[in-house]
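Throughout, numbering of the chain's residues begins at 1 and tracks the sequence. Below, each value reflects all heavy atoms present in this structure, side chains not excepted, and no hydrogens, waters or symmetry copies.
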Amino acid sequence: MSETYNLFQQGRAHLREGMAAQATVSLEKAKRREPEKASIREALGIAYFRIHRYVEAESEFRKLLELAPADDYGHYALGRCLEKQGRQTEAQGHYKLASSLRPASKHYSSRIRDVA
């Protein structure tokens with residue numbers, strides 16, 4: 001296995017264990033090695049979000065969506081970051097995109113209603 005993969009897995013393990021701040025260390029190293037990996041960007045965005053670093057999380061989810069524009073979770077997560085920053089209108093657009101990409105998700109549609 002590659003060092004980057006090991007760093008990614010270590011970061012994900014920290015996230016599963018509720019240690020988001022620790023996860024950022026491994027995931028930032030992995031991102032420096034492979035900046036175009038959507039999975040690394042997603043995990044790092046989640047870690048930043050959990051430690052209330054919403055601007056950095058937004059940046060990671062925006063990059064994720066550059067790499068994978070039809071990623072429903074990426075749109076949802078970006079919406080959450082925007083909402084936490086008080087940007088409800090912009091968040092609403094991403095919630096709607098997430099919901100249109102995965103219409104069966106009650107989670108996505110509930111965010112649309114909650115923000116409206």
Side-chain angles (χ1 to χ4, degrees):
M1 279 189 269
S2 76
E3 170 111 17
T4 304
Y5 182 76
N6 288 338
L7 289 165
F8 172 66
Q9 289 301 321
Q10 185 178 45
R12 287 177 39 101
H14 285 310
L15 282 173
R16 279 192 303 278
E17 295 164 6
M19 300 185 312
Q22 291 86 339
T24 63
V25 176
S26 300
L27 294 169
E28 285 170 354
K29 287 178 185 176
K31 180 179 92 168
R32 281 193 296 276
R33 292 169 173 268
E34 293 197 41
E36 301 300 308
K37 283 282 193 186
S39 56
I40 294 170
R41 295 294 187 140
E42 179 181 305
L44 186 53
I46 292 167
Y48 284 146
F49 185 87
R50 289 184 182 170
I51 58 174
H52 303 215
R53 290 170 57 181
Y54 302 122
V55 173
E56 287 119 318
E58 175 188 349
S59 177
E60 294 305 320
F61 290 122
R62 285 194 187 280
K63 181 62 178 181
L64 166 64
L65 291 171
E66 282 178 30
L67 298 168
D71 186 304
D72 60 286
Y73 180 77
H75 283 287
Y76 170 77
L78 178 55
R80 294 288 292 144
C81 294
L82 296 167
E83 185 180 351
K84 291 291 187 179
Q85 295 176 70
R87 296 157 58 191
Q88 277 72 12
T89 302
E90 196 176 351
Q92 187 74 289
H94 286 283
Y95 291 147
K96 288 178 180 177
L97 280 168
S99 186
S100 70
L101 290 165
R102 184 163 293 185
S105 173
K106 292 181 177 124
H107 217 65
Y108 298 165
S109 57
S110 74
R111 289 308 316 147
I112 294 168
R113 286 189 304 277
D114 290 348
V115 172

Mind checking the [atom1]-[atom2] spacing from [X] to [Y]? Nearest 0.5 Å is all I need.
{"X": "Leu44", "Y": "Arg53", "atom1": "CG", "atom2": "CZ", "value": "8.0 Å"}
{"X": "Leu64", "Y": "Ser59", "atom1": "CG", "atom2": "OG", "value": "11.0 Å"}
{"X": "Gln92", "Y": "Leu97", "atom1": "CD", "atom2": "CG", "value": "10.5 Å"}
{"X": "Leu82", "Y": "Gln88", "atom1": "CG", "atom2": "CD", "value": "9.5 Å"}
{"X": "His94", "Y": "Leu65", "atom1": "NE2", "atom2": "CG", "value": "7.0 Å"}
{"X": "Tyr73", "Y": "Ile46", "atom1": "OH", "atom2": "CD1", "value": "4.0 Å"}

task: In sequence, state the C-alpha distance, the side-chain angles, and the governing distance for Ile40 and Tyr5, and then conclude on side-chain contact (heavy atoms from CB on, under 4.5 Å).
output: CA-CA 9 Å; Ile40 294 170; Tyr5 182 76; over 6 Å; no
- request: Look at Lys63 together with Glu60 and state whether they make a salt bridge at an N to O cut-off of under 4.0 Å.
  value: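 No salt bridge links Lys63 with Glu60.
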task: Not counting sequence neighbours, which residues clear salt bridge (charged side-chain N to carboxylate O under 4.0 Å, His left out) with Arg87? List them please.
output: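 For Arg87, the residues satisfying salt bridge (charged side-chain N to carboxylate O under 4.0 Å, His left out) (neighbours in sequence not counted) are Glu58, Glu90.
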message: Can you list everything that forms a salt bridge (charged side-chain N to carboxylate O under 4.0 Å, His left out) with Glu83? Sequence neighbours excluded, please.
response: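 For Glu83 the salt bridge (charged side-chain N to carboxylate O under 4.0 Å, His left out) partners, ignoring immediate neighbours, are Arg80, Arg111.
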Okay, side chain of [X], backbone of [Y]: is any donor-acceptor separation there less than 3.5 Å?
{"X": "Arg41", "Y": "Pro35", "result": "yes"}
{"X": "Glu34", "Y": "Ala30", "result": "no"}
{"X": "His75", "Y": "Pro69", "result": "yes"}
{"X": "Ser26", "Y": "Ala23", "result": "no"}

task: Determine the minimum heavy-atom distance between Ala21 and Ile51, stating which atoms define it.
output: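 Residues Ala21 and Ile51, closest heavy atoms: N-CG2, 3.8 Å.
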- request: Only pairs at least two apart or in different chains count here, so list each ring-ring contact (aromatic ring centres under 6.0 Å, His included) that has a residue in residues 25-44.
  value: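 Found none.
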message: Considering only residues two or more places apart or on different chains, which pairs with a residue in residues 96-116 satisfy ring-ring contact (aromatic ring centres under 6.0 Å, His included)?
response: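 Non-adjacent pairs meeting ring-ring contact (aromatic ring centres under 6.0 Å, His included): Tyr76-His107, Tyr76-Tyr108.
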- request: Dump the intermediate steps for side-chain contact (heavy atoms from CB on, under 4.5 Å) on Glu56 and Thr24, then the final yes or no.
  value: CA-CA 11 Å; Glu56 287 119 318; Thr24 63; over 6 Å; no
task: Share the residues that join Phe49 in a hydrophobic cluster, the rule being Ile, Leu, Val, Met, Phe, Trp or Tyr side chains under 4.5 Å apart at the heavy-atom level.
output: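 Members other than Phe49 - counting any ILVMFWY side chain reachable under 4.5 Å - are Tyr54.
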- request: State, yes or no, whether a side-chain contact exists between Glu28 and Tyr48 at a heavy-atom distance under 4.5 Å.
  value: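 Glu28 reaches Tyr48 side chain to side chain.
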task: Any chance you could lay out the side-chain contact (heavy atoms from CB on, under 4.5 Å) test for Leu15 and Arg50, step after step, and finish with the verdict?
output: CA-CA 9 Å; Leu15 282 173; Arg50 289 184 182 170; 3.7 Å; yes
Same apolar cluster: Val25 and Phe8, side chain cutoff 4.5 Å: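 They do not share one cluster, since no chain of ILVMFWY contacts under 4.5 Å joins Val25 to Phe8.
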query: Which residue pairs pass the salt bridge (charged side-chain N to carboxylate O under 4.0 Å, His left out) test when at least one of the two sits in residues 93-102, sequence neighbours left out?
result: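 Found Asp72-Arg102.
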